[in-house]
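Below is one structure; the comments refer to it alone.
In what follows, chains carry the letters A, B, and so on, assigned in the order in which the sequence lines appear, proteins first and then strands, with residues in each chain numbered from 1.
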Amino acid sequence: MSRPLTGLSAWLVQRLSAIYLAFSAGAGALLLWQQPATDYAAWKGFWETPVVGAGAALLFVALLLHSWVGVRDIILDYASRSTALRLVLLSLLGAWLMLLGVWMFSILLSATQP
Amino acid sequence: MANKPYRPVFLDLRHIRLPVTALTSIAHRLFGLLMFIALPFLLYVLELSLRDPAGFERAGALLTGWPAKLGMILLLWGLGHHLLAGIRLLLTDLDIGSRLPWARRGAWWVNVGGFGVAVAGAFVIL
């Protein structure tokens with residue numbers, strides 16, 4: 001049995017990740033606006049709070065998913081004639097996003113170390 | 001699968017006239033791509049600022065330099081436009097503002113609003 005690819009899951013991921021990004025980024029900005037981190041201790045303390053760390057981790061995941069859908073759309077639109085080129089570009093995109101993900105999480109984890 | 005006949009391509013920027021909605025749309029895509037390219041730089045500054053107090057100072061010094069300030073304003077413009085255009089698309093998903101006059105008005109507001117965010121950011125940053 002074969003199911004047609006409708007792009008519905010990508011559409012859903014893009015929308016849901018966008019909504020979370022808007023709210024979490026807004027919440028983070030609001031927190032920092034109310035209590036600006038003026039020195040290293042305050043800045044580190046901000047990232048050490050569990051709510052901030054968890055929210056940021058999810059924000060990074062949402063960002064990676066959102067940008068995957070978006071940049072993939074660009075690749076599919078402009079590398080429309082060569083399947084081989086599309087495959088290479090999409091693979092590079094995936095690898096790059098995974099690299100970014102590792103980096104993002106290492107930053108968050110390092111922030112919790114003294 | 002056999003190659004379909006090639007789609008026509010017209011990229012003469014001197015003669016392309018875009019409706020306002022098309023401008024909103026392509027800017028949405030380009031700003032998204034711009035922010036994506038900026039990500040590693042932003043992550044570097046974040047990592048630097050969290051490393052140690054010296055790193056925090058260096059990150060602050062980096063961000064007060066002219067290239068960084070201009071970059072931040074550009075990214076703020078990008079974020080503002082991308083976010084507003086995205087909200088407009090979400091409303092379209094809900095069938096709100098789909099009729100052409102409203103669509104054009106919405107596109108105008110997004111373009112102006114996005115640029116407004118950049119101007120506001122410029123006031124704060126500069």
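With a threshold of 4.5 angstrom between heavy atoms, B/I87 does not approach chain A through any atom at all. Only the side chain of A/L63 comes within less than 4.5 Å of a heavy atom in chain B; its backbone stays farther off. Neither the backbone nor the side chain of A/L21 comes within contact range of chain B; no heavy atoms are under 4.5 Å apart. Of the atoms belonging to B/L50, heavy atoms from both backbone and side chain fall under 4.5 Å from chain A. Neither the backbone nor the side chain of B/H28 comes within less than 4.5 Å of any heavy atom in chain A. Proximity to chain A (any heavy atom under 4.5 Å) is shown, for B/L43, by both the backbone and the side chain.
In the hydrophobic clustering of this structure, A/M98 does not group with A/F105; members are Ile, Leu, Val, Met, Phe, Trp, Tyr whose side-chain heavy atoms approach within less than 4.5 Å, directly or through other members. Connection of A/I75 to B/L39 is established within a shared hydrophobic cluster, with ILVMFWY side chains joined at heavy-atom distances below 4.5 Å, either directly or through further cluster members. Linking ILVMFWY side-chain heavy atoms closer than 4.5 Å, directly or via other members, places A/L87 and A/L5 in two distinct hydrophobic clusters. Side-chain heavy atoms closer than 4.5 Å link hydrophobic residues (I, L, V, M, F, W, Y) into clusters, and following such links, possibly through other members, connects A/W96 to A/L76. The hydrophobic clustering, which links ILVMFWY residues whose side-chain heavy atoms are closer than 4.5 Å, places B/L11 and B/I26 apart.
Heavy-atom pairs under 4.5 Å with chain B peak, among A/V71, A/I19, A/L100, A/I107, at A/I107. Of the listed residues (B/G55, B/P53, B/G32), the greatest number of heavy-atom pairs within a distance under 4.5 Å of chain A belongs to B/P53. The greatest number of non-hydrogen atom pairs below 4.5 Å with chain B, out of A/M104, A/R15, A/H66, is found for A/R15.
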Item to check | Worked verdict on A/D77 versus B/R29 for salt bridge (Lys or Arg N to Asp or Glu O under 4.0 Å) | outcome: CA-CA 12 Å; A/D77 273 351; B/R29 170 170 280 195; 2.7 Å; yes
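Taking 4.5 Å as the heavy-atom cut-off, the residues of residues 93-125 of chain B that approach chain A are B/D93, ordered by number.
Once rounded to the nearest 0.5 Å, the distance linking CG of B/L46 with CG of A/L108 reads 7.5 Å. Distance check: A/S110 OG to B/R51 CZ gives 9.5 Å after rounding to the nearest 0.5 Å. A/S67 OG to B/L33 CG: the interatomic distance, rounded to the nearest 0.5 Å, is 10.5 Å.
Annotation for A/Q35: atom CD does not count as buried by contact number, only 12 or fewer foreign heavy atoms lying within 6.0 Å. Heavy-atom neighbours of B/M35 CE from other residues, nucleotides or ligands within 6.0 Å: above the threshold of 12. Within 6.0 Å of CG in A/L30 there are more than 12 heavy atoms belonging to other residues, nucleotides or ligands.
You'll find the side chain of B/F36 reaches within 4.5 Å of the side chain of A/L97, heavy atoms only. The side-chain heavy atoms of B/S49 and A/Y40, taken from C-beta on, include no pair separated by under 4.5 Å.
Note: A/W43 and B/F56 have tilted aromatic rings, judged against thresholds of 30 and 60 degrees for the angle between ring planes.
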